[in-house]
Amino acid sequence: RAVTGARVSAAERREFEGSLVVVTGAGSGIGRATALAFAERGAQVVAADIDLETAEQTAALAGRLGPAARAFRVDVSDAAAMERFAGTVARELGVPDVVVNNAGVGVAGAFLDHSTDDWRRVLDVNLWGVVHGCRLFAAQMVARGQGGHIVNIASAAAYTPSGALPAYATSKAAVLMLSECLRGELAGRGIGVSAICPGIVDTGITRASRFVGMGDDGQERLRERAARAYRLRGYGPDKVALRILAAVRHDRAVVPVTPEAHLGRMLSRVSPGAMRL
Ligand code: ADP
């Protein structure tokens with residue numbers, strides 16, 4: 001089960017009542033768990049994914065937990081498609097209160113084995129997708145003048161150098177910096193921007209099919225490394241979703257989703273002052 005309804009109290013069920021929440025990459029993993037967590041707390045959810053079928057499944061699940069949800073097919077890397085998507089949302093549902101730019105892809109392998117296409121694919125989705133989502137929806141929020149919150153899913157890979165995921169880690173480092181720049185720009189307008197930095201989470205993206213080039217062996221090694229580094233196993237998307245909700249609730253800038261002492265050390269090395277927990 002992606003979200004346990006039993007843990008949510010009657011008061012919590014109303015926390016995001018009346019809010020419109022857009023989640024990209026909502027068809028699986030962190031995106032789906034986030035969509036359901038918001039729905040369960042009263043939000044109307046827009047589940048967007050390049051895979052319409054999974055987005056529709058998420059919307060159906062969300063509708064059972066909270067208000068009726070909508071599903072859209074959109075490729076976040078496609079500027080024109082994102083513009084149409086953002087326009088449709090504003091016209092039909094209104095300006096979102098929360099946008100979670102979560103859609104992502106990964107390519108596993110050494111830098112010298114990454115092709116130009118590998119780099120393009122990862123940067124197109126992970127970086128440009130976030131740029132489009134931020135620009136289009138921030139503009140709507142600014143025009144409306146009632147604040148809002150943008151959550152970008154970065155990664156612990158953004159500040160943890162690794163030879164295994166150079167394009168992915170680079171794309172996530174860019175998302176982290178973009179989020180911090182935008183946070184400063186929008187601060188005066190009541191629009192919060194958060195970057196979430198999950199460690200290794202057991203979702204679709206850690207399956208061989210998502211990290212192109214990573215076989216079962218590679219996946220197992222990744223899990224073992226995660227367990228050693230973070231002393232975590234079976235770390236699921238639900239936990240990340242709860243950290244996303246908390247980031248919105250408390251307007252956090254950068255949210256590592258792994259034991260904080262460990263990541264705090266790494267964060268302070270890479271980006272002093274970045275961690276405001
Ligand atoms: P995680 O939850 O760890 O981010 P997943 O692979 O489970 O990993 O989820 C990523 C989601 O993003 C998938 O549902 C996938 O279909 C979606 N996605 C991937 N590329 C795009 C894209 N270009 N546009 C929209 N959604 C995308």
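Atoms within a ligand are numbered from 1 in the order they appear, just like the ligands themselves.
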Just distances here: any N/O of [X] and N/O of ligand 1 closer than 3.5 Å?
X      : answer
Asp75  : yes
Asp49  : yes
Val125 : no

Working to the nearest 0.5 angstrom, can you tell me the gap between Arg120 CZ and Trp128 CH2? 12.5 Å
Short side-chain donor-acceptor distance under 3.5 Å, [Y] and [X]:
X     : Y      : result
Thr24 : Asn102 : no
Thr58 : Arg32  : yes
Gln57 : Thr54  : no

For Ile30, which part has a heavy atom under 4.0 Å from ligand 1: side chain, backbone, both, or neither? both
[X] neighbourhood, listing ligand 1 atoms whose heavy-atom distance to it stays under 4.0 Å:
X      : answer
Val105 : 19 (C), 20 (N)
Gly104 : 10 (C), 12 (O), 19 (C)
Gly29  : 2 (O), 7 (O)

Just wondering, are more than 12 heavy atoms of other shown residues or ligands nearer than 6.0 Å to CZ in Arg189? no
Tell me whether [X] reaches ligand 1 (any heavy atom closer than 4.0 angstrom to a ligand atom).
X      : answer
Thr54  : no
Val74  : yes
Pro237 : no

Step-by-step salt bridge (charged side-chain N to carboxylate O under 4.0 Å, His left out) determination, Glu17 to Arg41: CA-CA 7 Å; Glu17 216 170 60; Arg41 287 161 181 80; over 6 Å; no
Quick test of your reading of the model: are Arg243 and Asp238 salt-bridged, counting only N-O distances below 4.0 Å? no
With a 4.5 Å heavy-atom cut-off, do Val175 and Ile153 have their side chains touching? no
Of the choices Ser28, Ala33, Ala103, Ala26, which has the non-hydrogen atom that lies closest to atom 5 (P) of ligand 1? Ser28
